[in-house]
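Positions are given from 1, in the same order as the sequence printed here. Whatever order the structure lists ligands and atoms in, that order sets their numbers, starting from 1.
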Amino acid sequence: MANKMTNILETNGLNKQYQMGEVEINALRGVDFSVRQGEFVAVMGPSGSGKSTLLHLMGGLDTPSDGEISLAGMRLTRLSDDEITVIRRRQVGFIFQFFNLLPTLTAAENLALPLLIDGKRQADYQARIEEMLRLVGLSDRKDHKPDQLSGGQQQRVAIARALVTQPAIVLADEPTGNLDSKSGSEILQLLRRTCDQQGQTIVMVTHDPRAAAYADRVVFLRDGQVVRELKPAPNTQAIMDVMAELEL
Ligand SMILES: Nc1ncnc2c1ncn2[C@@H]1O[C@H](COP(=O)(O)OP(=O)(O)OP(=O)(O)O)[C@@H](O)[C@H]1O
Ligand SMILES: [Mg+2]
């Protein structure tokens, strides 16, 4: 049984280069990053510092140029694409800035999709979907399509979708970046609650020090490297001080 001391995710010497014609871009340069079971980690850093790249590699959406990634005890870098696809489907929940819901499906159908893709039968997952809708406070919106929901509600559907498979880790890339501050803080409280009450492990990229203050730990990236870390339970002012010091 995994516990708080277990690293659910670990990267060692992670490198990612992108080749753009003649130019080589070093998006990540030797990143050692680990996340413990049940931890909520925020990743900050200037635009282009490699935050999304790190998230994509950790979630198996892309492959590193060099280095190792372990997720839930499995070495992603040793697995085939098909094996990584299955791990991504079952062990990783993604939340994006622009929600990425399927526009023609209702809230409930968007939630069903990851389970359907994984071959679950409807009779088996109906209760789970209702439970998730309740968790995010949208039981009365289950038949609404994304364009019939507010931005904050759409993001809550996206969170429910990310959690529905009970993944080992949730990876969120600026989940409040497209929301007003009230909807944004509702989303952050919801993420914090899933961490506190269900032991959900979360890695969240954000530009906002107030958002990062919901995390247990803040990791700062610059030019593809980890340059600083703040823990535990950092407050907004401490985060802003480090941002100023690092000129972020
Ligand atoms: N597919 C790609 N091809 C080429 N270069 C890329 C690609 N994706 C990212 N990069 C480059 O890699 C670097 C890191 O990009 P990344 O998207 O990880 O930054 P970020 O920290 O998420 O920035 P932002 O805060 O603007 O979202 C940038 O210099 C970017 O231009
Ligand atoms: Mg990004």
Undergrad: Keeping Lys51 on the side-chain end and Gly45 on the backbone end, is there a donor-acceptor pair under 3.5 Å?
TA: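 Such a contact is found between Lys51 side chain and Gly45 backbone.
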Undergrad: What protein heavy atom sits nearest atom 26 (O) of ligand 1, and how far off is it?
TA: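 Minimum-distance protein heavy atom for atom 26 (O) of ligand 1 reads Ser47 OG, 2.6 Å.
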Undergrad: Would you say that Glu10 contacts Phe33 through its side chain, given a criterion of any heavy-atom pair below 4.5 Å between the two side chains?
TA: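 With C-beta onward as the side chain, the pair stays apart.
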Undergrad: Using a 4.5 Å cut-off on heavy atoms from C-beta on, say whether the side chain of Val157 contacts that of Arg141.
TA: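 In short, these two side chains do not touch, never coming nearer than 4.5 Å.
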Undergrad: Within the 4.0 Å heavy-atom shell around Ser49, which atoms of ligand 1 are there?
TA: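 Answer, ordered by atom number: 19 (O), 21 (O).
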Undergrad: Note the single closest protein heavy atom to atom 9 (C) of ligand 1, along with its residue, its atom name and the distance in Å.
TA: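 Result for atom 9 (C) of ligand 1: Tyr18 CE1, 3.4 Å.
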Undergrad: For the residue pair Phe220 and Val43, establish whether any side-chain heavy-atom pair is separated by less than 4.5 Å.
TA: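 Answer no - side chains too far apart.
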Undergrad: What protein heavy atom is closest to atom 15 (O) of ligand 1, reported as residue, atom name and distance in Å?
TA: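 For atom 15 (O) of ligand 1, the nearest protein heavy atom comes out as Thr53 OG1, 3.7 Å.
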Undergrad: Give me the nearest non-hydrogen protein atom to atom 13 (C) of ligand 1 as residue plus atom name, then the distance to 0.1 Å.
TA: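 Result: Gly48 O, 3.7 Å.
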Undergrad: When you compare the side chains of Thr85 and Asp82, does any donor N or O come within less than 3.5 Å of an acceptor on the partner?
TA: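 The criterion, which ignores hydrogens and geometry beyond distance, is not satisfied for Asp82 and Thr85.
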Undergrad: Give me the one residue out of Lys231, Arg36, Arg192 that meets side chain to side chain donor-acceptor pair (under 3.5 Å) with Asp216.
TA: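 Checked Lys231, Arg36, Arg192 against Asp216; only one passes side chain to side chain donor-acceptor pair (under 3.5 Å): Arg192.
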Undergrad: Side chain or backbone, does Gly50 bring an N or O within less than 3.5 Å of an N or O on ligand 1?
TA: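 Indeed, backbone or side chain, Gly50 has an N or O that close.
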Undergrad: Short list, please: which atoms of ligand 1 are under 4.0 Å from a heavy atom of Pro46?
TA: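 Near Pro46, the atoms of ligand 1 are 21 (O).
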Undergrad: Can you get from Met74 to Leu14 by hopping between Ile, Leu, Val, Met, Phe, Trp and Tyr side chains that sit under 4.5 Å apart?
TA: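 Yes, Met74 connects to Leu14 through the hydrophobic network.
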Undergrad: For atom 27 (O) of ligand 1, what's the nearest protein heavy-atom neighbour? Residue, atom name and distance, please.
TA: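 Result for atom 27 (O) of ligand 1: Glu174 OE2, 3.8 Å.
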Undergrad: Output the list of atoms in ligand 1 that are nearer than 4.0 Å to some heavy atom of His207, sorted by atom number.
TA: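 Under 4.0 Å from His207, ligand 1 has these atoms: 25 (O).
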Undergrad: What are the protein N, O or S atoms, given as residue plus atom name, that sit under 2.8 Å from the Mg ion (ligand 2)?
TA: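 Sorted hits: Ser52 OG.
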Undergrad: Quick one: nearest non-hydrogen protein atom to atom 25 (O) of ligand 1, plus distance?
TA: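 Of the protein heavy atoms, Lys51 NZ, 2.7 Å lies nearest.
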Undergrad: If the test is ring-ring contact (aromatic ring centres under 6.0 Å, His included), which one of Phe94, Phe99, Phe98 qualifies with Phe96?
TA: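 Only one of Phe94, Phe99, Phe98 forms a ring-ring contact (aromatic ring centres under 6.0 Å, His included) with Phe96, namely Phe94.
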Undergrad: Do me a favour and list the nearest non-hydrogen protein atom to atom 12 (O) of ligand 1 with residue, atom name and distance?
TA: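 For atom 12 (O) of ligand 1, the nearest protein heavy atom is Ala27 CB, 3.4 Å.
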Undergrad: Is it true that the side chains of Glu83 and Ser80 contain a donor and an acceptor less than 3.5 Å apart?
TA: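 There is such a pair between these side chains.
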Undergrad: Among protein heavy atoms, which lies nearest atom 30 (C) of ligand 1, and at what distance?
TA: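 For atom 30 (C) of ligand 1, the nearest protein heavy atom is Ile25 CG2, 4.9 Å.
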Undergrad: Give a yes/no on ligand 1: does Gly45 have at least one heavy atom closer than 4.0 angstrom to it?
TA: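 Flag not set, Gly45 not near ligand 1.
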Undergrad: Quickly, which of Leu61, Ile69, Leu79, Leu71 forms a side-chain contact (heavy atoms from CB on, under 4.5 Å) with Ile84? Name it, please.
TA: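 Single side-chain contact (heavy atoms from CB on, under 4.5 Å) partner of Ile84 among Leu61, Ile69, Leu79, Leu71: Leu79.
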Undergrad: Which atoms form the tightest heavy-atom contact between Gln154 and Leu149, and what is the distance?
TA: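 Heavy atoms only, the tightest pair is NE2-O, 3.2 Å.
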Undergrad: Would Glu68 and Thr77 satisfy side-chain hydrogen bond (donor to acceptor under 3.5 Å, both in side chains), going step by step from the backbone distance to the final call?
TA: CA-CA 6 Å; Glu68 290 283 351; Thr77 27; 2.5 Å; yes
